[in-house]
Amino acid sequence: MAERLVVIGGDAAGMSAASQARRRRSADDLSIVAFERGRFTSYSACGIPYWVGGLVDDRDDLISRAPAVFRDDYDIDVRTRHEVVDIDLERREVVAVALDEGRREVREPFDQLVYAIGAVPVQPPWATSGVSGVFGVQTLDDGDALHAWLDREPTPKRAVVVGGGYIGVEMAEAMVNRGLAVTLVERGPQPMSTVDPDMGALVTDRLRALGIDIRTGLAVTGLDHSDGVVTAVRTDDEPIPADIVVLGLGIKPNTTLARTAGLPLGPTGGIRVDLRMRVVGRPGVWAAGDCVESVHRVSGQPVHLPLGTHANKQGRVAGINIGGGYATFPGVIGTAVTRVCDLEVARTGLLSTEADAAGFSFVTATVESTNRAGYFPGADFMTIKLLAERGTGRLLGAQIVGRSEAAKRIDPLAVALWNNMTVEEMVGLDLGYAPPYAPVWDPVLIAARKAVDALGVK
Ligand SMILES: Cc1cc2nc3c(=O)[nH]c(=O)nc-3n(C[C@H](O)[C@H](O)[C@H](O)COP(=O)(O)OP(=O)(O)OC[C@H]3O[C@@H](n4cnc5c(N)ncnc54)[C@H](O)[C@@H]3O)c2cc1C
């Protein structure tokens, strides 16, 4: 009889695991059932802001593999609109309900289980009070609901985006692109706390210049509505009128089922897994994606960094191991890029506060440069900030804010950081140069030189 694999969660991590396992083991050897609460599988949540904002025309372009493809081409029994409500580790079965069949109960036995149900958005009580016109963007079903609302409503004029993380600013851009007047409300001192305050200030300036009304240091406390339709967000200052409210208040690992089933959680709230993505102390149970915690390679600390890039890799690692191969997930360094209108923001490694908290003594170096030779048409600014450890000179972190392909310059910095390079070694890196692509001293190299100066290295 075939071994039985059950996957919970049909997106990046879950379906990567399922397809990798299938590549290595035939259906006679391993049967695979995947439960997904929504209607879609293997979709790009990352693309939702661009589809909602009109940069991507067709929602289906965000779906890399539909349920039918998994069924027909991969022999994976995908059950969409099935919500798993319990995991019984002793009986080794999951309990799901079929959402379109009056919550009919389904019990599915397993030998191997992959837990990949992502993260849940932080939602204060006012966000779930049933007032319409309030949207999250966690899943493609959420994005679908928001897109349909924007298409349907004849005259939405004012959008309030609550939360200034990267999803908040991407959604602010989407609302600007849909022609709405946008207010971004952030409880902290400025949006984009994923970079140091001096770099975040550059983002705030640009968002304001684009006409986005940024309200910082302000907490949303409730909603005003008329006949159940939102009309304003209440704050601890004055209310802000709103025809639509988009939530970007952060996320946390989706561990409700894990907790009940007794899976171990780490200090970040994510599920504890080993290098092979096995849940610690639970044989035959695997977890991957936004629901797990990872190890930060620079600080050595556990972190919860919910990104698609990690979810895909972790799912792949789990799938290879389930398939009989050997693979490990090497940890994260916190590389992330985003864009809001024409401004790009990138980071890798530790921020100043994180480096402090980890106990490092370090210097910082910030440089202004351009993406091309200064005389070349289209030359545009960028600011790069580096953190380097005192004593060793090791690169600890890097941040970039700029325009025109500035963000992807984070990649050589991420590679340098991953490989423990010192900023002195980086000065000699053989990076490509021609006037359409870089100044003769690439901004990355200029920043490394400045960091060397800051360290006082001769
Ligand atoms: C708007 C937005 C933009 C983003 N942009 C980027 C980006 O630019 N770069 C980047 O790296 N990352 C980005 N991300 C993050 C990225 O999308 C996630 O890290 C990734 O999708 C996580 O994959 P996952 O498989 O762990 O979880 P998810 O993609 O959340 O998938 C989990 C699945 O489990 C299903 N599920 C939940 N509970 C149950 C249940 N009880 N039973 C059955 N199914 C269940 C859900 O419906 C969901 O489909 C973005 C996310 C969002 C929301």
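Small disclaimer: the values here were computed from a predicted structure and weren't measured. Note that ligands are numbered from 1 as they come in the structure, with each ligand's atoms numbered from 1 the same way.
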Undergrad: Between R4 and E108 (salt bridge meaning N to carboxylate O under 4.0 Å), is one present in this structure?
TA: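 Salt bridge flag = no for E108 with R4.
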Undergrad: Could you list which atoms of ligand 1 come closer than 4.0 Å to a heavy atom of Y43?
TA: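 With Y43 as reference, the close atoms of ligand 1 come out as 48 (C), 49 (O).
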Undergrad: Please determine if I167 has a nitrogen or oxygen closer than 3.5 Å to a nitrogen or oxygen of ligand 1.
TA: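 No, since none of the N or O atoms of I167 sits under 3.5 Å from an N or O of ligand 1.
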Undergrad: Just going by heavy-atom distances, which of D11, V52, D290, D86 is nearest to atom 22 (C) of ligand 1?
TA: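 Selected option, by shortest heavy-atom distance: D290.
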Undergrad: Counting only heavy atoms closer than 4.0 Å, does ligand 1 sit against the backbone of Y166, its side chain, both, or neither?
TA: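 The answer is the side chain.
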Undergrad: Have a look at A311, P49, A116 and point out the one with the heavy atom closest to atom 32 (C) of ligand 1.
TA: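 Among A311, P49, A116, the closest heavy atom to atom 32 (C) of ligand 1 belongs to A116.
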Undergrad: May I ask you to say whether R81 pairs ionically with E101, meaning some side-chain N is under 4.0 Å from a carboxylate O?
TA: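 Result for this pair is no, no salt bridge flagged.
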Undergrad: Could you pull out, from C46, A13, G14, the option with a heavy atom nearest to atom 9 (N) of ligand 1?
TA: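 Considering heavy atoms of C46, A13, G14, the nearest to atom 9 (N) of ligand 1 sits in C46.
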Undergrad: Would one find an N or O of T139, backbone or side chain, under 3.5 Å from an N or O of ligand 1?
TA: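 Looking only at distances, the answer is no, because the N/O contact criterion of under 3.5 Å is not met.
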Undergrad: Need the ligand 1 atom indices (1-based, order shown) with element for anything under 4.0 Å from a heavy-atom of Q138.
TA: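 Every atom of ligand 1 under 4.0 Å from some heavy atom of Q138: 53 (C).
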Undergrad: Assess whether a salt bridge exists between R107 and E105, defined as any Lys/Arg side-chain N lying under 4.0 Å from an Asp/Glu carboxylate O.
TA: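 Yes, this pair counts.
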Undergrad: Does ligand 1 come near enough to A119 that some N or O of the ligand is less than 3.5 Å from an N or O of the residue?
TA: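 Between A119 and ligand 1 (N or O atoms, distance only) the closest approach is not under 3.5 Å.
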Undergrad: Taking V114 as the fixed residue, which of V279, L5, I8 is the one that meets the side chain to side chain contact (heavy atoms under 4.5 Å, CB included) rule?
TA: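 Going through the options one by one, the only one that passes is L5.
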Undergrad: Sub-3.5 Å donor-acceptor pair from the side chain of R71 to the main-chain atoms of V78, do we have one?
TA: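 Side chain of R71 to backbone of V78: a pair is present.
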Undergrad: So, is the end of the R297 side chain (NZ or CZ) under 6.0 Å from the ring centre of W418 and within 45° of the ring's axis?
TA: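 The answer is yes; both the distance and angle limits are met.
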Undergrad: For ligand 1, which atoms, with element, lie under 4.0 Å from some heavy atom of T309?
TA: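 Answer for ligand 1: 11 (O).
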Undergrad: Give the residue and atom name of whichever protein heavy atom lies nearest to atom 17 (O) of ligand 1, and the separation in Å to one decimal.
TA: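 For atom 17 (O) of ligand 1, the nearest protein heavy atom comes out as A45 CB, 3.5 Å.
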Undergrad: Is it the case that ligand 1 has an N or O less than 3.5 angstrom from some N or O of G308?
TA: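 Indeed, backbone or side chain, G308 has an N or O that close.
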Undergrad: Treating N321 as the side-chain partner and A327 as the backbone partner, does any N or O pair qualify as donor plus acceptor under 3.5 Å?
TA: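 Here the side-chain-to-backbone pair exists.
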Undergrad: For ligand 1, is any non-hydrogen atom under 4.0 Å from N254's backbone (N, CA, C, O), its side chain (CB onward), both, or neither?
TA: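 Within the 4.0 Å criterion, N254 contacts ligand 1 through side-chain atoms alone.
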Undergrad: Polar contacts were defined as any N/O atom of the residue lying under 3.5 Å from an N/O atom of the ligand; does this apply to E170 and ligand 1?
TA: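 The answer is no, given that E170 and ligand 1 share no N or O pair closer than 3.5 Å.
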Undergrad: If you take all heavy atoms of P253 and C291, which pair is closest and at what distance?
TA: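 Shortest heavy-atom contact: CB-O, 3.7 Å.
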Undergrad: Polar contacts were defined as any N/O atom of the residue lying under 3.5 Å from an N/O atom of the ligand; does this apply to V337 and ligand 1?
TA: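 No: no nitrogen or oxygen of V337 is under 3.5 Å from one in ligand 1.
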Undergrad: Could you tell me whether the side chain of S42 reaches within less than 4.5 Å of the side chain of F70, counting heavy atoms only?
TA: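 Answer yes - side chains close enough.
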Undergrad: Assess whether a salt bridge exists between D151 and R178, defined as any Lys/Arg side-chain N lying under 4.0 Å from an Asp/Glu carboxylate O.
TA: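 Yes, charged N to carboxylate O under 4.0 Å.
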Undergrad: Under a 4.0 Å heavy-atom limit, does H310 contact ligand 1 with its side chain, its backbone, both, or neither?
TA: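 No part of H310 is near ligand 1 at this cut-off.
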